[in-house]
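Below is one structure; the comments refer to it alone.
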Amino acid sequence: MLATKPETVPPESVGTPVEDKLYNVRFKTDETASHLVIVNQELCVRCADKPCTYFCPVAVYKWEPGVQRITVGYEKCVECGACRIGCPPHNIAWRYPRGGFGCQYKNG
Ligand code: SF4
Ligand code: SF4
């Protein structure tokens, strides 16, 4: 007798758009300083694909061609840590926000 593939029940969250999931995230912005810092903007000018502009799930990094800079919208960072490893020259100084600031997840 042939083995049959076991049926799996996907968790409820599968298929939920990321925007809906982010609805449950609350932010407390540290107005004094960004916890994400571009170390050297000159490296960004020479960075061919600018991967930070697409690997960040909430589009924190934006290339501004007019001023030839990456801007950092740190207020909406969900602290996934991807930019710690995703920037080829490791040009992003990454740390968690100060205690009491940053994002807070509700409902797991
Ligand atoms: S990936 Fe790194 S070096 Fe490239 S543009 Fe983004 S921050 Fe700058
Ligand atoms: S930690 Fe994640 S969410 Fe925050 S800026 Fe880096 S890639 Fe974006």
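When a ligand or atom number is given, it counts from 1 through the structure's own listing order.
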Please write down residue, atom name and distance for the protein heavy atom closest to [atom].
atom: atom 3 (S) of ligand 2; value: Val78 N, 3.4 Å
atom: atom 2 (Fe) of ligand 2; value: Cys80 SG, 2.3 Å
atom: atom 6 (Fe) of ligand 1; value: Cys52 SG, 2.3 Å
atom: atom 8 (Fe) of ligand 2; value: Cys56 SG, 2.4 Å
atom: atom 4 (Fe) of ligand 1; value: Cys47 SG, 2.4 Å

Checklist outcome for this item: Between Cys44 and the options Asn91, Ile92, Thr53, the side chain to side chain contact (heavy atoms under 4.5 Å, CB included) test singles out Asn91
Checklist entry - Is the distance from atom 8 (Fe) of ligand 1 to the nearest N/O/S atom of Cys44 under 2.8 Å? => result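 Here the distance criterion (N, O or S atom, under 2.8 Å) is met by Cys44, so yes.
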[X] versus [Y], closest heavy-atom pair with distance:
X: Pro51; Y: Gly86; result: CG-O, 4.0 Å
X: Val60; Y: Cys56; result: N-SG, 3.4 Å
X: Glu79; Y: Cys103; result: OE2-N, 3.0 Å
X: Ile85; Y: His90; result: O-CE1, 4.3 Å

Show me which atoms of ligand 1 lie under 4.0 Å from any heavy atom of [X].
X: Ile92; value: 7 (S)
X: Pro88; value: 1 (S)
X: Pro89; value: 3 (S)
X: Ile38; value: 7 (S)

Checklist entry - Counting each atom of ligand 2 from 1 as listed, which ones have a heavy atom of Val60 under 4.0 Å away? => result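 Going through ligand 2 atom by atom, the ones under 4.0 Å from Val60 are 5 (S).
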Checklist outcome for this item: ligand 2 atoms nearer than 4.0 angstrom to some heavy atom of Gly81 are 1 (S), 2 (Fe)
Next on the checklist: More than 12 heavy atoms of other residues, nucleotides or ligands under 6.0 Å from OH of Tyr54: yes or no?
Outcome noted: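 Atom OH in Tyr54 is packed in, count exceeds 12.
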Next on the checklist: Go through it in stages, so that I can follow the logic: the residues are Thr32 and Arg98, the test is side-chain contact (heavy atoms from CB on, under 4.5 Å), and I'd like the CA-CA distance, side-chain angles, deciding distance and then a yes or no.
Outcome noted: CA-CA 10 Å; Thr32 60; Arg98 230 161 27 106; 3.7 Å; yes
Next on the checklist: How long is the straight-line distance from CZ of Phe27 back to SG of Cys77, given to the nearest 0.5 Å?
Outcome noted: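 The distance works out to 8.0 Å.
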Checklist entry - Backbone, side chain, both or neither: what part of Leu36 comes under 4.0 angstrom of ligand 2, heavy atoms only? => result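 The answer is the side chain of Leu36.
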Checklist entry - Going through the checks in order, is the side-chain contact (heavy atoms from CB on, under 4.5 Å) test met by Thr29 and Tyr74? => result CA-CA 8 Å; Thr29 302; Tyr74 73 98; 3.9 Å; yes
Checklist entry - Closer than 2.8 Å to atom 2 (Fe) of ligand 2, do we get an N, O or S atom from Cys77, backbone or side chain? => result no
Next on the checklist: Tell me whether ligand 2 is touched by Trp94 - counting only heavy atoms on the residue side and a distance under 4.0 Å.
Outcome noted: yes
Checklist entry - Tyr61 and Val78: same hydrophobic cluster, using ILVMFWY side-chain contacts below 4.5 Å? => result yes
